[in-house]
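First comes the structure, then the notes that go with it.
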Amino acid sequence: MSAPRAVAPAERGLRGTVTLPGDKSISHRAALFAALADGLSTITNFSPAADPASTLSCLAALGVEIGHDDMTVWIKGRGLHGFKAPDGPLDAGNSGTTMRLLAAILAGQPFTTMMGGDASLNGRPMRRIMAPLGQMGAEIRGTERDTPPLTITGRSPLNALTYELPVPSAQVKSAVLLAGLYAAGTTRVVELIPSRDHTERMLSLAVETDAEGRRVISVEGGWTPPAQAYAIPADLSAAAFLLVAGSIVPGSEIALPAVGLNPTRAGVLAVLRQMGADIETRDER
């Protein structure tokens, strides 16, 4: 066991500009939407984390052409129905987002796919996506505890449905909406409590409020996301540590450029401001 170390307060304020990595949740979605498009998409500031890399690896195994350098990922989409059956099981690593969102796309394919991950991911329950995707006509089998590995037998077209989220979940919502691209008709997701809305924002989906005050997000079956350029904002979760550090060390002034300020993710700003932190946002867009 290593010897304990003393931690001393900072002797001066923290000053400087910090460029943060791209948002993981948005990176996953940009890669998946680009793979569904017809044509070439570019993604700048793609997250360097392991989870989005698992999404890219699985897409490559499905026949998607992917190239990248330090800052940009290029993806040549295959359209809704251009994926090929993989040569073996897909490995989602430790990424629940990869597992849940890609399962929805595989639910609309004319082949059977097995997808698993590491020991941690293979212990996570997947019933929350298995249930709605099963209602849409896909056959998804897991272990007796509804954990991965999953065997997904797709169907086309899937059944459109209106699905009320039993608990707030951006991943389940996104999975149902992605499967809705393969459905005959309009698929709707109803949520009483708003969850992260990256998917509906990035796909410009219709969002309405029903008579009971619930959000209703709709997608039309057969619609194909366009090939385009994605610029991934910096991850607000990564910014949170620096926001706290700058708030508690006197004399600090830290600039964090291009941080995503999606209202469904920006609660940390509201909480810190309520506690007296001096946080300014500029050039909002």
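- Remark: the Thr199 side chain and the Ser174 side chain contain an N/O donor-acceptor pair separated by less than 3.5 Å.
- In this structure the side chain of Met136 reaches within 4.5 angstrom of the side chain of Thr187, judged on heavy atoms.
- In this structure, a donor-acceptor pair under 3.5 Å is absent between the side chains of His28 and Asp51.
- Arg201 is linked by a side chain to side chain donor-acceptor pair (under 3.5 Å) to Asp197, counting only residues two or more places apart in sequence or in another chain.
- Using a 4.5 Å cut-off between side-chain heavy atoms of Ile, Leu, Val, Met, Phe, Trp and Tyr, with links allowed through other members, Leu256 and Val271 fall into different hydrophobic clusters.
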Atom pairs and distances, side-chain donor-acceptor, residues 72-89, under 3.5 Å, sequence neighbours left out:
unit_1, atom_1, unit_2, atom_2, d
Arg78, NE, Gly82, O, 2.4
Arg78, NH1, Gly63, O, 2.6
Arg78, NH2, Gly82, O, 3.0

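- Panel note: side chain Arg128, backbone Leu165; no donor-acceptor pair is recorded below 3.5 Å.
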May I have the list of side-chain donor-acceptor pairs in residues 116-126 shorter than 3.5 Å, sequence neighbours left out?
unit_1, atom_1, unit_2, atom_2, d
Asp118, OD1, Asn94, ND2, 3.3
Asp118, OD1, Ser120, N, 3.1
Asp118, OD1, Leu121, N, 2.8
Asp118, OD2, Asn94, ND2, 3.2
Ser120, OG, Asn94, ND2, 3.4
Asn122, OD1, Gly117, N, 3.0
Asn122, ND2, Gly117, O, 3.0
Arg124, NH2, Asn94, O, 2.8
Arg124, NH2, Asn94, OD1, 3.4

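- Residues that satisfy the side chain to side chain donor-acceptor pair (under 3.5 Å) test with Glu253, not counting sequence neighbours, are absent from this structure.
- Not one N or O on the side chain of Ser57 forms a donor-acceptor pair closer than 3.5 Å with the backbone of Ala53.
- In this structure, the side chains of Leu62 and Leu106 come closer than 4.5 Å at one or more pairs of heavy atoms.
- For the side chain to side chain contact (heavy atoms under 4.5 Å, CB included) test, residues two or more places apart in sequence or in another chain that qualify with Ala227 are Ala37, Ser41.
- For residues 257-267, the set of pairs meeting the salt bridge (Lys or Arg N to Asp or Glu O under 4.0 Å) definition, not counting sequence neighbours, comprises Asp23-Arg265, Asp235-Arg265.
- No side-chain N or O of Ser195 forms a donor-acceptor pair with one of Ser169 less than 3.5 Å apart.
- A donor-acceptor contact shorter than 3.5 Å is absent between the side chain of Arg155 and the backbone of Thr153.
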Report task. Start with the C-alpha gap between Leu14 and Leu242, add the side-chain angles, then the distance that decides, and say whether side-chain contact (heavy atoms from CB on, under 4.5 Å) holds. Result -> CA-CA 9 Å; Leu14 308 174; Leu242 292 165; over 6 Å; no
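- Heavy atoms of other residues, nucleotides or ligands lying less than 6.0 angstrom from CG of Asp69 number more than 12.
- Ile140 CD1 to Thr113 OG1: the interatomic distance, rounded to the nearest 0.5 Å, is 10.5 Å.
- Side-chain atoms of Ser27 come within 3.5 Å of backbone atoms of Ser47 as a donor-acceptor pair (strictly under, hydrogens ignored).
- Here the straight-line distance linking atom CG of Leu178 with atom CG of Leu102 works out to 9.5 Å at 0.5 Å rounding.
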